[in-house]
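Here is the structure we will look at.
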Amino acid sequence: MVSVAIAQFAPGEDKSSNIAELRKLAIVATHRGAQVVVAPEYSMFTAKRLDDRYRAAAEPLDGKFVNDVQSIARETGAVIVAGVAESQPDDAHIYNTVVAVGADGILAAYRKIHLYDAFGFHESEIVSPGPITDPVVFEAGGATFGIQTCYDLRFPEITRRLAIAGADVVLIPAQWIPGPLKEDHWTTLIRARAIENTVFVCAADQAPPLGAGHSMIVDPMGITLSSLGEQVGTSVAEISPDRVAEVRLKNPSLSHRRINMYKPE
């Protein structure tokens, strides 16, 4: 059994303020028993438009922001998962990266594969897509966690790969842009990814105005264990690999998949 917290806030252009808010929420969450704290996409830096400000703010993964996240992990004893704007040497583009950081350093780093070139936005103008690698997973508290980011939620194969790789829990930091029906898409897709893969899903969104909020933790049967509306704050739920195993005895759909459907005979 491992306790996981979603930490919802509204990052801005002041990186020092963002890390201070993340620290405050992580302390609250760990006082409630959280061992893993999941913060939003672009926790490091968020502006109203995705433009050159992101390039200027970007840092390498051994830069100050990630080092500050590691300090929070040391202080709280929790694994901190947060989105950063990662600089690329000799490249004008950045990576949209999520890091899982423990007291001893980075446990995992995932560079967003699917860029948000939709609903009038063009993330690819600033961001390079992450390379196609093995699914990014890490271990904490006896559970296996997988990482994906925001727009990846609309691509069910991303979550399926993580489930096949052994993830009990899928973490989804996001800046889910508000708009007509967007909140409904967000909550529906989170529950769908949990149900179809029989995994826990912990989705941490940015709070309004630049995110839709509604961060939530959903169990493998699609039950919402914990949720936040539009407010800044944290919420904690217990995650158990035993629950995943229990659900898969009732609903073995993951093991029933027909692999040969997806390739020629």
Side-chain angles (χ1 to χ4, degrees), residues 1-12 14-46 57-86 95-112 136-150 162 167-175 200-207 211 215-217 226 228 232-239:
M1 190 83 70
V2 56
S3 293
V4 180
I6 42 176
Q8 180 170 288
F9 70 107
D14 185 334
K15 290 190 281 187
S16 61
S17 293
N18 295 338
I19 197 69
E21 184 69 14
L22 177 55
R23 177 180 177 273
K24 181 173 72 175
L25 293 174
I27 289 171
V28 171
T30 52
H31 283 171
R32 295 173 180 166
Q35 297 157 272
V36 177
V37 179
V38 188
E41 178 184 25
Y42 289 126
S43 285
M44 185 180 87
F45 178 90
T46 302
E59 299 179 8
L61 295 188
D62 60 357
K64 184 179 187 311
F65 188 85
V66 174
N67 286 335
D68 287 344
V69 173
Q70 186 178 353
S71 295
I72 296 171
R74 287 198 196 101
E75 179 181 0
T76 62
V79 175
I80 309 297
V81 180
V84 304
E86 181 191 356
Y95 283 127
N96 180 344
T97 302
V98 172
V99 290
V101 183
D104 296 324
I106 295 174
L107 303 176
Y110 168 71
R111 296 176 176 96
K112 187 179 182 184
V136 176
V137 298
F138 68 93
E139 304 290 324
T144 302
F145 293 80
I147 303 173
Q148 61 184 80
T149 314
C150 198
L162 291 169
D168 303 299
V169 189
V170 173
L171 308 179
I172 310 178
Q175 182 196 356
F200 289 90
V201 175
C202 302
D205 193 18
Q206 289 195 15
S215 300
M216 58 196 302
I217 300 175
S226 181
L228 295 164
V232 171
T234 66
S235 189
V236 180
E238 289 188 339
I239 302 302

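As a basis for the values below, the full set of heavy atoms in this structure was taken, side chains included, without hydrogen atoms, waters or symmetry mates.
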> Can you tell me how far the CD1 atom of Ile172 sits from the CD1 atom of Ile6, to the nearest 0.5 Å?
Replying inline: 11.5 Å

> Would a 4.5 Å heavy-atom cut-off, applied to side chains only, mark Phe9 and Pro40 as touching?
Replying inline: yes

> In chain order, what residues pass the salt bridge (charged side-chain N to carboxylate O under 4.0 Å, His left out) check against Glu75, with sequence neighbours excluded?
Replying inline: Arg23

>> As an exercise, state the distance from CD of Glu238 to OG of Ser3, rounded to the nearest 0.5 Å.
In response: 4.5 Å

> Where the side chain of Asn18 meets the backbone of Met44, is there a donor-acceptor pair that is under 3.5 Å apart?
Replying inline: yes

>> So Thr97 and Val99, do their side chains get closer than 4.5 Å, heavy atoms only?
In response: yes

> Nearest heavy-atom pair of Phe65 and Lys15: which atoms, and what distance?
Replying inline: CE1-O, 4.3 Å

> Can you find a heavy atom in the side chain of Val101 that is under 4.5 Å from one in the side chain of Val79?
Replying inline: no

> Nearest 0.5 Å, what's the OH-CG distance between Tyr95 and Leu61?
Replying inline: 10.5 Å

> What are the two closest non-hydrogen atoms of Ala34 and Ala78, and how far apart are they?
Replying inline: O-CB, 4.1 Å

>> When you measure from the side chain of Asp205 to the backbone of Pro173, do you find a donor-acceptor pair of N or O atoms at a distance under 3.5 Å?
In response: no

>> Let me confirm one number: the SG-CD distance from Cys150 to Gln206, rounded to the nearest 0.5 Å.
In response: 8.5 Å

> What's the verdict on side chain to side chain contact (heavy atoms under 4.5 Å, CB included) for Leu162 and Gln148, showing C-alpha distance, side-chain angles and the deciding distance?
Replying inline: CA-CA 9 Å; Leu162 291 169; Gln148 61 184 80; 3.7 Å; yes

>> As an exercise, state the distance from NZ of Lys112 to CD1 of Ile147, rounded to the nearest 0.5 Å.
In response: 14.5 Å

> Hey, does Arg32 have a side-chain heavy atom less than 4.5 Å from the side chain of Thr234?
Replying inline: yes

>> With a 4.5 Å cut-off on side-chain heavy atoms, are Ile72 and Ile19 touching?
In response: yes

>> If you compare all heavy atoms of Ile217 against all heavy atoms of Cys202, which two are closest, and at what distance to 0.1 Å?
In response: CG2-SG, 3.7 Å

> Step by step, would you call Asn96 with Thr149 a side chain to side chain contact (heavy atoms under 4.5 Å, CB included)?
Replying inline: CA-CA 9 Å; Asn96 180 344; Thr149 314; 4.3 Å; yes

>> Under the rule for side chain to side chain donor-acceptor pair (under 3.5 Å), what residues qualify as partners of Thr76, not counting sequence neighbours?
In response: none

> For Glu86 and Arg111, what are the C-alpha separation, side-chain angles and deciding distance, and is it a salt bridge (charged side-chain N to carboxylate O under 4.0 Å, His left out)?
Replying inline: CA-CA 9 Å; Glu86 181 191 356; Arg111 296 176 176 96; 2.8 Å; yes

> Of the non-hydrogen atoms in Ala26 and Ile80, which two are nearest, and what is the gap between them?
Replying inline: CB-CD1, 4.0 Å

> What pair of heavy atoms forms the shortest contact from Ala29 to Val236, and how long is it?
Replying inline: O-CG2, 4.1 Å

>> What I'd like to find out is whether the side chain of Val137 reaches to under 4.5 Å of the side chain of Phe145, using heavy atoms alone.
In response: no

> Minimum heavy-atom separation for Asp62 to Asn67, with atom names?
Replying inline: O-ND2, 3.3 Å

>> Within this structure, what is the CG-OG distance for the pair Leu25 and Ser235, rounded to the nearest 0.5 Å?
In response: 12.0 Å

> Does Glu41 use its side chain to pair, donor to acceptor, with the backbone of Gln175 at less than 3.5 Å?
Replying inline: yes

> Please walk me through it: do Met216 and Leu228 pass side chain to side chain contact (heavy atoms under 4.5 Å, CB included)?
Replying inline: CA-CA 6 Å; Met216 58 196 302; Leu228 295 164; over 6 Å; no

>> Between Phe138 and Thr144, is there a side-chain heavy-atom distance shorter than 4.5 Å?
In response: no

>> Pair Val66, Asp68 - check side chain to side chain contact (heavy atoms under 4.5 Å, CB included), show working.
In response: CA-CA 5 Å; Val66 174; Asp68 287 344; over 6 Å; no

>> Quick one, Glu21 and Val232 - any side-chain contact, counting heavy atoms below 4.5 Å?
In response: yes

